[in-house]
Amino acid sequence: MGKTLVRELGRGTLSGRIVEVEAYPIGDAAGHAFRGHTPGNHSIFREHGRAYVYFIYGSCYMMNVTSERPGIGGAVLLRAVEPLEGTNLMQRRRGTARVRDLTRGPGRLASAMRIDRRLDGVDLCAPGPLWLGTAVRPVGRIGRSVRIGVTREMNRRLRLYERGNPFVSGPKRLRV
DNA sequence: AAGAAGATTCGCT
DNA sequence: GCGAATCTTCTTA
């Protein structure tokens with residue numbers, strides 16, 4: 001939370017401040033590591049600090065940051081960022097001028113920052129095509145809730161967000 | 001082998 | 001609010 005997600009493209013740099021995440025820890029039945037290895041989830045079993053990018057609903061990419069030691073399996077889903085650099089390019093990519101709609105939600109943020117399976121497995125801990133930079137300002141008050149869109153382990157409050165931030169996704173009651 | 005659900009978004013009502 | 005889009009994986013047969 002609060003760190004800067006940086007996407008380096010040939011045309012320029014896109015970046016955003018992470019304001020909403022969800023944890024999918026070890027042994028979590030809602031996590032993609034729970035059922036073991038599949039053709040598409042290799043990266044979630046790599047060491048912490050790598051990208052795990054997957055495709056879902058036939059239309060959306062989702063970006064995660066791996067969180068465990070090699071072979072274990074666990075990750076944090078990036079659900080929303082606050083645009084910092086490259087807002088113009090994000091607007092073109094997303095086909096809207098409305099800044100609040102650019103990166104509010106996991107599928108939207110991946111689309112805005114051109115994150116797809118080609119970035120699956122990249123090291124996020126050093127500058128590169130996709131990486132995590134230092135925070136531009138301290139994170140505010142953190143809210144906590146159940147995770148959005150999951151149907152397993154529904155009692156676990158593993159979604160974290162910066163309270164009141166306009167770029168946080170979900171219904172209003174889950175943003176305050 | 002076929003059907004359904006999934007860490008979602010978009011357009012239309 | 002509801003259904004479509006349409007890939008991956010799991011369930012059931």
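Naming: A, B, ... by sequence-line order, numbering from 1 per chain.
- A:Arg94 comes within 4.0 angstrom of the backbone, heavy atoms only, and of no base.
- Applying the salt bridge (Lys or Arg N to Asp or Glu O under 4.0 Å) criterion to A:Glu47, with sequence neighbours excluded, gives A:Arg50.
- Take A:Arg11 and apply the side-chain contact (heavy atoms from CB on, under 4.5 Å) test, not counting sequence neighbours, and it matches A:Leu89, A:Arg92.
- Smallest separation of non-hydrogen atoms from A:Ile115 and A:Tyr61: O-CB, 3.5 Å.
- Across every non-hydrogen atom of A:Val136 and A:Thr4, the tightest pair is CG1-OG1, 3.9 Å.
- To the nearest 0.5 angstrom, A:Asp116 atom CG is 10.0 Å from A:Ser111 atom OG.
- Under the 4.0 Å criterion applied to side-chain N and carboxylate O atoms, A:Arg137 and A:Glu82 are assigned as salt-bridge partners.
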Task: Bracket string, DNA chain C, 5' to 3' - pairs by Watson-Crick or G-U geometry under 3.5 Å, | interstrand - done: |||||.||||||.
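- Side-chain N/O atoms of A:Thr96 and A:Asp101 include no donor and acceptor closer than 3.5 Å.
- Put simply, NE2 on A:His32 is 10 Å from P on C:dT9, counting in whole angstrom units.
- Atom CZ of A:Arg98 and atom C1' of B:dT9 are 15 Å apart (whole Å).
- Taken residue by residue, residues 77-93 of chain A places heavy atoms nearer than 4.0 Å to DNA chain B at A:Leu77, A:Arg79.
- Residue A:Trp131 shares its hydrophobic cluster (ILVMFWY side chains chained together at separations under 4.5 Å) with A:Val6.
- When the P atom is compared between B:dA1 and C:dT6, the two are found 25 Å apart, to the nearest whole Å.
- Considering only residues two or more places apart in sequence or on other chains, A:Thr87 meets the side chain to side chain donor-acceptor pair (under 3.5 Å) condition with none of them.
- One finds no salt bridge joining A:Glu20 and A:Arg175 here, because no Lys/Arg side-chain nitrogen approaches an Asp/Glu carboxylate oxygen to under 4.0 Å.
- Residues that satisfy the ring-ring contact (aromatic ring centres under 6.0 Å, His included) test with A:His37, not counting sequence neighbours, are A:Phe45.
- To the nearest angstrom, C1' of B:dC10 lies 16 Å from CZ of A:Arg100.
- Residue pairs satisfying the ring pair (Phe, Tyr, Trp, His ring centres under 6.0 Å) criterion with at least one member in residues 67-91 of chain A, sequence neighbours excluded, are absent.
- Taken residue by residue, residues 147-176 of chain A places heavy atoms nearer than 4.0 Å to DNA chain B at A:Ile148, A:Gly149, A:Val150, A:Thr151.
- At a threshold of 4.0 Å, the pair A:Asp123-A:Arg46 does not count as salt-bridged, since none of the basic side-chain nitrogens sits closer than that to a carboxylate oxygen.
- Aromatic rings from A:Tyr54 and A:His32 are positioned such that their centres are separated by under 6.0 Å.
- The side chain of A:Arg104 places no N or O atom within less than 4.0 Å of a non-bridging phosphate oxygen (OP1 or OP2) of B:dC10.
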Can you give me the N/O atom pairs linking the protein to nucleotides 5-8 of chain C at distances under 3.5 Å, or say none if there are none?
none

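- One can place CZ of A:Phe34 at 15 Å from C1' of C:dT9, the figure rounded to the nearest angstrom.
- Among residues two or more places apart in sequence or in another chain, the salt bridge (Lys or Arg N to Asp or Glu O under 4.0 Å) test is passed with A:Glu68 by none.
- Side chain of A:Arg94 to backbone of A:Met90: no donor-acceptor contact under 3.5 angstrom is found.
- Against DNA chain B, the stretch residues 61-69 of chain A makes heavy-atom approaches under 4.0 Å through A:Met62, A:Asn64.
- Between the CG atom of A:Asp101 and the P atom of B:dT8 there is a distance of 17 Å, given to the nearest Å.
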